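Contents: one structure, followed by commentary.
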Number of protein chains: 2
Amino acid sequence: MSVDVLDATFAALADPTRRAILARLAEGEATVTELAAPFAMSQPAVSKHLRVLEHAGLISRGRDAQRRPCRLEAARLKNAMDWLADYRGYWEESYQRLDDLLGELDAGQEEAP
Amino acid sequence: MSVDVLDATFAALADPTRRAILARLAEGEATVTELAAPFAMSQPAVSKHLRVLEHAGLISRGRDAQRRPCRLEAARLKNAMDWLADYRGYWEESYQRLDDLLGELDAGQEEAP
DNA sequence: CACATATAAAACCAACTGGTTATAGAACCG
DNA sequence: CGGTTCTATAACCAGTTGGTTTTATATGTG
């Protein structure tokens with residue numbers, strides 16, 4: 001996986017407005033005005049966010065008269081997830097260490113009551 | 001999960017230097033100079049990256065004389081992964097559509113050879 | 001104590017980000 | 001055609017980012 005793709009993906013996900021847009025698009029296609037409605041910001045601001053998402057390959061856009069319907073493109077999310085999955089062992093290990101500690105405390109109580 | 005935590009996590013992951021630092025720390029604790037060695041940048045630059053990672057809760061730092069050993073803190077990576085996992089269905093759906101298509105082609109061959 | 005090593009902090013800079021307002025372009029409606 | 005709707009572009013601004021060099025701080029060593 002190209003470094004720049006992950007860069008763009010994670011950078012795009014680092015903004016709550018953009019994550020909210022993706023969440024909305026998970027429910028189906030939406031136009032720019034539909035996407036902009038929930039936010040207390042101007043339409044051009046939302047268009048900029050959409051451009052970031054499109055550049056990151058997280059959305060694609062069609063054409064329906066004046067409207068440019070956006071749709072979620074989830075493949076890049078999988079790339080990000082795959083990167084994170086390499087670290088799964090490290091947070092599971094934390095639980096394991098906690099388990100071990102609790103196990104030791106338990107054993108201690110049995111041995112020296 | 002607080003919005004700002006995900007913001008900081010994804011923003012921290014959006015830089016290749018920082019992802020490389022995390023990858024190095026996955027192999028065990030390391031000092032600042034050890035972490036800085038592979039990179040063609042100054043020590044203060046690496047210290048800044050470490051500050052970003054620490055602020056995002058992705059690393060923690062101990063004290064060993066003049067050294068400040070860094071260790072991976074993977075819990076926040078799990079948070080990011082959990083967010084992404086909500087979209088798993090959307091990229092699997094793409095495979096599903098491909099499967100369906102291949103299935104139809106197959107069925108077509110059987111019905112009309 | 002003087003010096004070396006490890007790290008952080010400060011000051012600076014260019015580039016980028018996330019927002020704004022105003023304007024332009026494209027497609028429909030009457 | 002003229003007006004309305006939807007979206008994009010441009011110009012601007014303040015704040016952040018990622019890097020630099022220089023300097024300071026903290027700790028171990030001879």
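Just so it is clear: chains get the letters A, B, ... in the order the sequence lines come, proteins before strands, and each one is counted from 1. Since this is a predicted model, take the numbers as computed values, not measurements.
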Closest non-hydrogen atom pair between A/Asp15 and A/Thr17, with its separation: OD1-N, 2.8 Å
B/Glu34 CD to C/dT5 P, straight-line distance once rounded to whole Å: 16 Å
Closest heavy-atom pair and its distance - B/Ser60, B/Glu73: OG-OE2, 2.8 Å
Rounded interatomic separation in angstrom, taking CD1 from A/Ile21 and C1' from D/dT7: 14 Å
Phosphate OP1/OP2 of C/dA8 contacted by B/Ser47 side-chain N/O (<4.0 Å): yes
Reported CG-to-CG distance for the pair A/Leu53 and A/Leu13, which is rounded to 0.5 angstrom: 8.0 Å
Contact list (N/O, under 3.5 angstrom) for nucleotides 14-16 of chain D vs protein:
none

A/Ala11 to B/Ala14 - nearest heavy-atom pair and separation: N-CB, 3.5 Å
B/S/- contact track for nucleotides 18-30 of chain C, protein heavy atom under 4.0 Å: BBBBB----BS--
Minimum heavy-atom distance A/Arg76-A/Thr9, with the two atoms named: O-CG2, 3.8 Å
Interatomic distance, A/Glu29 CD vs D/dC6 P [rounded to whole Å]: 17 Å
Nearest-Å distance for atom pair CZ/P, residues B/Arg19 and D/dG18: 12 Å
Smallest separation among heavy atoms of A/Leu72 and B/Tyr90, with atom names: CD2-CG, 3.9 Å
d(CZ, A/Arg51; C1', D/dA10) in whole Å: 11 Å
Gap separating the CD1 atom of A/Ile59 from the CD atom of A/Glu29, nearest 0.5 angstrom: 11.0 Å
Ring pair (Phe, Tyr, Trp, His ring centres under 6.0 Å) contacts in which one or both residues fall within residues 47-85 of chain B, not counting sequence neighbours: B/Phe10-B/Trp83, B/Trp83-B/Tyr87
